[in-house]
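All heavy atoms count here, side chains included; hydrogens, waters and symmetry mates do not.
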Amino acid sequence: MFIKTLRTFAQGIGYTVIGGLMLYGAVAGIKNVDGVFAANPSAVQEAAANEPASAPQLQVGLGTVPSIINYQGTLRDPEGNPLSGPYAMTFRIYADVTAPTTDAIWTGEYNEVTVRDGHFSVVLGDSTPLPADVFTSPDRFIGITVDPYDEMVPRQRFASVPYAMHSAHADKLDGNDAAAFAMTDHRHSALDGANGGTSNALYVANNGNVGVGTTNPLRKLHVNGDRILLQNGTDSLNFFAGGGETFVSSSSSNININATDNGRVILNGSATSGNVGIGKTNPQAKLDVAGDIKVNGSNLIMIFRYENVSEAEKNTGIVAADWNCTIGGWAAAWDFDEDGTQTNRMWTFTKNGRWHIGAEFASHNNHEIPDVDMVCFRTEVSIFFGEQSLNEAN
């Protein structure tokens, strides 16, 4: 009998709770409504005063709307008498009228809801924010639980107020559906010329290369044209390619290429003196380099010293295509028992693409083993006249 009384009481409460003035799809509350669902105006206003001073805001277009809903209702006992006092209530929003409570898409718990003469008002979303997409479907239902009873039945379906129905057209622009417009992440790979022609003026390839005047950019920036102009007022920098010639020109008297690291000057050229400095701000010659000079990673001049050259032909292994080499000097013990008819000599020659040292000491004992210095110059900065392989030892 007791269980039956509780069930009757809970169902009585459920059937007497009336959903109050909700905008479907919008998150704005209606407050201070006089006489709605037989609510006492003073009671409704007093309950609405509990609304937080600063409600969560939902960004819409250029403005904001509060992301809360004012929900009002009446609470009566099974005999129909209005109740008063604080009650713990739980509100849930569902996508299905028969869904279990665990499938609620939003749940808000209110520990003390003031009920006066049966009337109460709560602000849904003030403590637990409503999801931004909670009202993106026409099927949404609200369920209410008054502690310690089960959720009331039946659940109520959210409905629109008349003018809110016009918001169904908010996803159109000039009569076009949203699908007719590009998404925010949509990208075009090409921009046609201003005349609307089919030739691409600007093109971005899948690998990130950008082409100007070409749809097949081979570098990060590939310009199909004769000139790139950078201009700052009267100063300009032209990158020009035409007639098989490529050069960089400046409207000022100097051309400077600087490094951002510690402000070092990489290249400084003066049009007045014609001198060019590398690593120097005041070059004193046509080419003034502050530091080492290398060609293909090697110094321009190398000196090789070979000790105790005992053979008549020594292969140094130095590549003849890269270096021009000659004997710079030698030292050897002298055999005093010479007959005066022979000449001691040393020279360089090439064989099988390598530089060799030739040595002849015409002593009767042939025991001189000289120390030899060979000087080599990079072929990029030197010329060897004559036959390099002349006077091979054999």
Side-chain angles (χ1 to χ4, degrees), residues 10-33 36-39 44 47-48 50-52 54-61 63-76 87-111 113 115 118-147 149-172 177-179:
Q11 290 179 347
I13 294 177
Y15 284 114
T16 58
V17 173
I18 302 176
L21 301 178
M22 295 172 292
L23 297 179
Y24 179 78
V27 282
I30 301 177
K31 295 177 284 187
N32 302 331
V33 181
V36 175
F37 297 106
V44 174
N50 296 325
E51 180 181 331
S54 178
Q57 301 293 307
L58 176 66
Q59 191 76 25
V60 178
T64 58
V65 294
S67 58
I68 55 176
I69 298 176
N70 192 325
Y71 189 92
Q72 302 172 6
T74 60
L75 190 62
R76 302 176 185 272
Y87 289 85
M89 297 184 184
T90 300
F91 297 82
R92 296 180 179 89
I93 297 178
Y94 301 89
D96 190 297
V97 69
T98 61
T101 57
T102 55
D103 288 351
I105 59 178
W106 177 85
T107 300
E109 297 181 354
Y110 297 80
N111 294 328
V113 177
V115 181
H119 303 292
F120 70 89
S121 177
V122 294
V123 179
L124 305 182
D126 58 345
S127 58
T128 303
L130 292 166
D133 59 349
V134 66
F135 292 116
T136 56
S137 170
D139 296 322
R140 292 293 183 264
F141 305 87
I142 188 168
I144 304 173
T145 301
V146 179
D147 189 62
Y149 304 104
D150 295 334
E151 187 179 88
M152 300 178 186
V153 291
R155 293 171 182 166
Q156 294 179 329
R157 183 175 184 176
F158 284 94
S160 302
V161 296
Y163 278 100
M165 297 178 66
H166 182 70
S167 64
H169 303 279
D171 61 349
K172 292 182 180 292
D177 292 331

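Residues passing the side chain to side chain contact (heavy atoms under 4.5 Å, CB included) test with D133, sequence neighbours excluded: P131, T136. In terms of the ring-ring contact (aromatic ring centres under 6.0 Å, His included) criterion, Y94 has no residue partners (sequence neighbours excluded).
From T98, atom OG1 reaches atom CZ of R155 across 7.0 Å, with rounding to the nearest 0.5 Å. The structure places CG of N111 at 9.0 Å from CG of D147, a figure rounded to the nearest 0.5 Å. Between the CG atom of D126 and the CG atom of L124 there is a distance of 8.0 Å, given to the nearest 0.5 Å. Taking CD1 of I144 as the start and CD of E151 as the end, the distance is 8.5 Å to the nearest 0.5 Å. The structure places CZ of F158 at 4.0 Å from CD1 of I93, a figure rounded to the nearest 0.5 Å.
Proximity of V97 to R157: side-chain heavy atoms (C-beta onward) are nowhere separated by under 4.5 Å.
Contact between T128 and T107 at its shortest, heavy atoms only, is CG2-O, 3.6 Å. The two atoms that bring M89 and V115 nearest to each other are CE-CG2, 4.0 Å, heavy atoms only.
Aromatic ring orientation, F91 versus F120: tilted (interplanar angle from 30° to 60°).
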Can you check side-chain contact (heavy atoms from CB on, under 4.5 Å) on D103 and D96, steps first, answer last?
-> CA-CA 9 Å; D103 288 351; D96 190 297; over 6 Å; no
